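For clarity, every value in this text was computed on a predicted model and none was experimentally measured. Chain letters run A, B, ... following the sequence lines, proteins first, then strands; residues in each count from 1.
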Protein chains: 2
Amino acid sequence: MSSVEESDLLKITGKRIQQIRISKGYSQVDLAGKILGVFDTTNVSRIESGRTNPTLNTLHRIAEALEVSLSELLNIEECETDV
Amino acid sequence: MSSVEESDLLKITGKRIQQIRISKGYSQVDLAGKILGVFDTTNVSRIESGRTNPTLNTLHRIAEALEVSLSELLNIEECETDV
DNA sequence: TCCACACTTGACATATTTGACAAGTGAATG
DNA sequence: CATTCACTTGTCAAATATGTCAAGTGTGGA
């Protein structure tokens with residue numbers, strides 16, 4: 001019951017990334033620019049909207065750019081999705 | 001300086017998964033069996049040894065099987081890698 | 001020695017992420 | 001209007017994760 005479906009997981013994680021990004025005042029372009037190595041805005045968009053299933057390395061790069069730990073980035077409430 | 005190279009990240013995460021797995025008294029076969037859906041021992045081995053860059057969904061499935069949160073699973077010390 | 005168990009490693013097919021680019025939407029502004 | 005900005009969406013190629021099978025290593029027990 002507490003198990004999260006894949007698509008939900010991706011959407012929830014995407015929203016969390018977006019929340020943190022916005023709270024820091026970054027645009028998607030800003031974020032992509034801060035990410036180590038090459039990172040396209042396209043991917044930011046796809047990940048934030050949960051249309052892609054990012055790899056550990058990608059999540060790590062995003063976490064660094066957002067100046068949070070991986071652990072924080074994925075600190076998802078597994079509780080209710082309602083309301 | 002604090003930025004972790006990809007291969008290090010994968011190895012560290014793999015070791016962490018292995019630690020938790022062993023602390024729960026599971027073999028790789030046990031773990032693979034507990035993971036939601038299909039999961040081969042091969043993958044457990046590859047992930048634990050850092051030879052593969054797992055996706056968010058895969059990490060989530062492993063976390064569930066290990067009965068820890070994603071956040072706990074990835075609670076990696078970003079401190080020194082030395083010594 | 002033989003066998004079982006736990007794990008590693010290689011090869012392969014399939015699916016998907018990532019990276020690159022182009023185009024489209026909507027909002028705000030001059 | 002036209003332009004700019006932020007973001008979405010489509011397509012494509014390349015790299016790679018996953019799933020599956022087979023074989024190899026090392027350990028321990030009968």
Side-chain angles (χ1 to χ4, degrees), chain A residues 3-68 70 73-74 76, chain B residues 3-68 70 73-74 76:
Chain A
S3 94
V4 180
E5 253 190 48
E6 166 163 11
S7 61
D8 288 336
L9 173 71
L10 301 187
K11 276 182 199 130
I12 292 168
T13 307
K15 282 210 178 233
R16 176 140 182 89
I17 291 172
Q18 187 177 54
Q19 270 176 6
I20 298 174
R21 172 178 64 80
I22 290 174
S23 80
K24 302 253 175 178
Y26 302 147
S27 70
Q28 289 186 349
V29 177
D30 294 336
L31 177 57
K34 288 173 71 73
I35 290 176
L36 200 69
V38 206
F39 210 94
D40 202 82
T41 322
T42 309
N43 290 326
V44 179
S45 181
R46 287 191 283 219
I47 290 168
E48 282 191 1
S49 59
R51 247 169 302 115
T52 237
N53 179 17
T55 63
L56 177 56
N57 187 47
T58 296
L59 291 167
H60 176 71
R61 291 203 286 158
I62 292 173
E64 275 196 330
L66 289 176
E67 300 152 61
V68 298
L70 207 41
L73 190 71
L74 299 176
I76 294 168
Chain B
S3 95
V4 180
E5 252 190 48
E6 166 163 11
S7 60
D8 289 335
L9 173 71
L10 301 187
K11 276 181 200 132
I12 292 168
T13 306
K15 281 210 178 236
R16 175 139 182 89
I17 291 171
Q18 187 178 53
Q19 270 176 4
I20 298 174
R21 172 177 65 79
I22 290 173
S23 80
K24 302 252 174 179
Y26 301 148
S27 69
Q28 289 186 350
V29 177
D30 294 335
L31 177 57
K34 288 174 71 72
I35 289 176
L36 201 68
V38 206
F39 210 93
D40 202 83
T41 322
T42 307
N43 290 326
V44 178
S45 181
R46 286 192 284 219
I47 291 168
E48 282 191 0
S49 58
R51 247 170 302 117
T52 237
N53 178 16
T55 62
L56 177 55
N57 187 47
T58 297
L59 292 167
H60 175 71
R61 290 203 287 158
I62 293 174
E64 274 196 331
L66 289 175
E67 301 152 61
V68 299
L70 207 41
L73 190 72
L74 299 176
I76 294 166

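- A donor N or O paired with an acceptor N or O is found under 3.5 Å between the base of D/dC21 and the side-chain atoms of B/Thr42.
- Summarising the geometry of A/Arg61 relative to A/Ile35, their closest heavy-atom pair is CB-CG2, 3.8 Å, with the distance given to 0.1 Å.
- Contact annotation: B/Ser45 side-chain N/O to C/dC7 OP1/OP2 distance is not under 4.0 Å.
- The residue from A/Lys11, A/Lys15, A/Arg21 that alone fulfils the salt bridge (Lys or Arg N to Asp or Glu O under 4.0 Å) condition with A/Glu48 is A/Arg21.
- Atom CD1 in B/Ile22 sits roughly 19 Å away from atom P in C/dC5 (whole-Å rounding).
- For D/dT18, neither phosphate oxygen OP1 nor OP2 lies less than 4.0 angstrom from any side-chain nitrogen or oxygen of B/Asn43.
- Across all strands, B/Arg51 comes closer than 4.0 Å only to sugar-phosphate atoms, never to a base (heavy-atom distances).
- Counting any heavy atom pair closer than 4.0 Å across all strands shown, B/Asp40 reaches a base atom.
- The distance between atom CG of A/Leu59 and atom C1' of C/dT18, rounded to the nearest whole Å, is 13 Å.
- Across all non-hydrogen atoms, the minimal contact from A/Leu10 to A/Asn53 is CD2-OD1, 3.6 Å.
- In this structure, A/Asp30 atom CG and D/dC5 atom P are separated by 12 Å, rounded to whole Å.
- With distances taken from any side-chain atom of B/Thr52 to the nucleotides D/dG19, D/dA17, C/dT17, the minimum falls on D/dA17.
- In this structure, A/Arg46 does not reach the D/dT11 phosphate: none of its side-chain N or O atoms is under 4.0 Å from OP1 or OP2.
- Along DNA chain C, the nucleotide nearest to B/Thr55 and the one nearest to B/Ser27 differ in position, and the one closer to the 5' end is contacted by B/Ser27.
- Note: NE2 (B/His60) to C1' (D/dT18) measures 17 Å, nearest angstrom.
- The shortest heavy-atom contact between A/Ala32 and A/Thr41 is CB-N, 4.1 Å.
- Using a 4.0 Å heavy-atom distance criterion, B/Thr58 is classed as a sugar-phosphate-only contact.
- How far OG of A/Ser23 is from CG of A/Leu66: 8.0 Å, rounded to the nearest 0.5 Å.
- In this structure, B/Gln28 does not reach the C/dC5 phosphate: none of its side-chain N or O atoms is under 4.0 Å from OP1 or OP2.
- Counting to the nearest Å, the P atom of D/dC7 and the CD atom of A/Gln18 are 8 Å from each other.
- Between A/Arg21 and D/dA6 there is no side-chain N or O to OP1 or OP2 distance below 4.0 Å.
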